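If you're wondering where the values come from, they're calculated on a predicted model, not measured in any experiment. Below, chains carry the letters A, B, ... as their sequence lines are ordered, and counting in each starts from 1.
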2 protein chains.
Amino acid sequence: MTTARRAILRALENSEDHPDALMLHDRAKEFDPTIAQATVYRTMRLLEQEGLVEKHDFGNGRARYEEAEKEQHDHLINLSTGEIIEFHDTNLEALKIEIAKRLGFDLKDHRLELYGVPRE
Amino acid sequence: MTTARRAILRALENSEDHPDALMLHDRAKEFDPTIAQATVYRTMRLLEQEGLVEKHDFGNGRARYEEAEKEQHDHLINLSTGEIIEFHDTNLEALKIEIAKRLGFDLKDHRLELYGVPRE
DNA sequence: TCAAAATATGCGAATGAGTTGCATATGCAG
DNA sequence: CTGCATATGCAACTCATTCGCATATTTTGA
Ligand SMILES: [Mn+2]
Ligand SMILES: [Mn+2]
Ligand SMILES: [Zn+2]
Ligand SMILES: [Zn+2]
């Protein structure tokens, strides 16, 4: 456990949004001003492999991250503002598993994003 | 409508899978041997913007394409083989719309991929 | 049918997120 | 403390995709 890693972990804990690696780099600098981007990339890869972090691709070119501990949820992206809204739906979870099963598979992972505009 | 574009369209029509730009380039060469990769990229971007093609990211680095649709479907990726299985579920479609509505949004787009391994 | 205007192409160079080699610095076990 | 294992910073690299530009093809419309 190094200074750089502690800085990144803290940056992550303090984040309520879904930051990308560059944002995390900036935020981690507050705790370790000399930290390099490469270290952020390496650390995020490590954390993801260890299952401590979830990596998302919301289609803006850069991967976005969040701590894995939270309860299972999916995301709705507000196309007007870019805001990311988290939601959880039990029926949906069950349905995903059931669909996989119907096709002869055990569901190991999934990706679900909804893109919408606010209802006027 | 140019020779290059016709070649790409034909390559796409003849494809039953979800080819990436490089695969399409190879396949299009059959109809226009001098076609350049840049043209494939440009044309796919155009087709996507026109809504004639759907672009997917199945997490292998390269974007995958298919004709915009036959009928609405989602994808299950067999993690053991990489095979892509298409499926359609009415309940799921309805549920996605309903969830968006519940959150105060009109659903404009969505992305759903299931990743699974064959049940033993 | 033809020439000019409009568009698309091929090529190679550029981009940008992410990765990696390597010399140095840091962390940790003894 | 010391020594070895591991992580870091930096710069160079990768790889998919985009772009500039000179040239070629298509389209327009007289
Ligand atoms: Mn989820
Ligand atoms: Mn779909
Ligand atoms: Zn989230
Ligand atoms: Zn498909």
What is the minimum heavy-atom distance between A:Tyr115 and A:Phe58, and which atoms define it?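 Looking at all heavy atoms of both residues, the shortest contact is OH-O, 3.7 Å.
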Taking only side-chain nitrogens and oxygens of B:Arg5, does any of them come within less than 4.0 Å of OP1 or OP2 of C:dA8?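 Checking C:dA8 against B:Arg5, a side-chain N or O does come within under 4.0 Å of OP1 or OP2.
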Through what angle, rounded to 10 degrees, does the axis of the helix from C:dT1-D:dA30 to C:dG30-D:dC1 turn between its ends, using five pairs per end?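 Computed angle between terminal axes is 30°.
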Within a strict 4.5 Å, meaning less than it, do heavy atoms of the [X] and [Y] side chains meet?
X       : Y        : result
A:Tyr65 : A:Leu47  : no
B:Lys96 : B:Leu107 : yes
A:Met44 : A:Glu48  : no

Whether A:Asp89 and B:Arg102 form a salt bridge (side-chain N of Lys/Arg under 4.0 Å from carboxylate O of Asp/Glu) is what I want to check.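 Judged by the 4.0 Å cut-off on N to carboxylate O distance, B:Arg102 and A:Asp89 do form a salt bridge.
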Taking A:Lys108's backbone N and O only, do any of them form a donor-acceptor pair with A:His110's side chain (distance below 3.5 Å, no angle check)? no
Within the distance-only criterion (no hydrogens, no angle test), does the side chain of B:His88 pair as donor or acceptor with the backbone N or O of B:Asp74 below 3.5 angstrom? no
Scan for side chain to side chain donor-acceptor pair (under 3.5 Å) pairs involving residues 16-29 of chain A, sequence neighbours excluded, and state none if there are none.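 For residues 16-29 of chain A: A:Ser15-A:Arg27, A:Asp17-A:Arg27, A:His18-A:Glu66, A:His18-A:His75, A:His18-A:Glu86, A:Asp20-A:Arg62, A:Asp26-A:Lys29.
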According to side chain to side chain donor-acceptor pair (under 3.5 Å), who are the partners of B:Thr34, at least two apart in sequence or on a separate chain? B:Asp32
Are A:Arg10 and A:Phe31 in a cation-pi contact, defined as NZ or CZ under 6.0 Å from the six-membered ring centre and within 45° of the axis?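 Judged by the rule, A:Arg10 and A:Phe31 form a cation-pi pair.
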My understanding is that only one of B:Thr43, B:Leu12, B:Leu46 makes a side-chain contact (heavy atoms from CB on, under 4.5 Å) with B:Val53; could you say which?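 Between B:Val53 and the candidates, side-chain contact (heavy atoms from CB on, under 4.5 Å) is satisfied uniquely by B:Leu12.
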Checking B:Leu114, B:Ile85, B:Leu79, B:Ile77 against A:Phe105 for side-chain contact (heavy atoms from CB on, under 4.5 Å), the one that qualifies is B:Ile85
Rounded to the nearest angstrom, tell me the gap between atom CZ in B:Arg62 and atom P in D:dT17. 8 Å
Rounded to whole angstroms, how far apart are NZ on B:Lys55 and P on D:dA16?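 Rounding to the nearest Å, NZ of B:Lys55 and P of D:dA16 are 14 Å apart.
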Give each protein N/O atom lying under 3.5 Å from an N/O atom of nucleotides 4-6 of chain C, with the pair distance.
none

Residues of residues 16-49 of chain B with any non-hydrogen atom less than 4.0 angstrom from an atom of DNA chain D: list those, numerically ordered, please. B:Ala38, B:Tyr41, B:Arg42, B:Arg45
Between the protein and nucleotides 26-30 of chain C, list every N/O to N/O distance that falls short of 3.5 Å.
from: C:dG27; atom 1: OP1; to: A:Thr3; atom 2: OG1; distance (Å): 3.2
from: C:dC28; atom 1: OP1; to: A:Met1; atom 2: N; distance (Å): 3.4

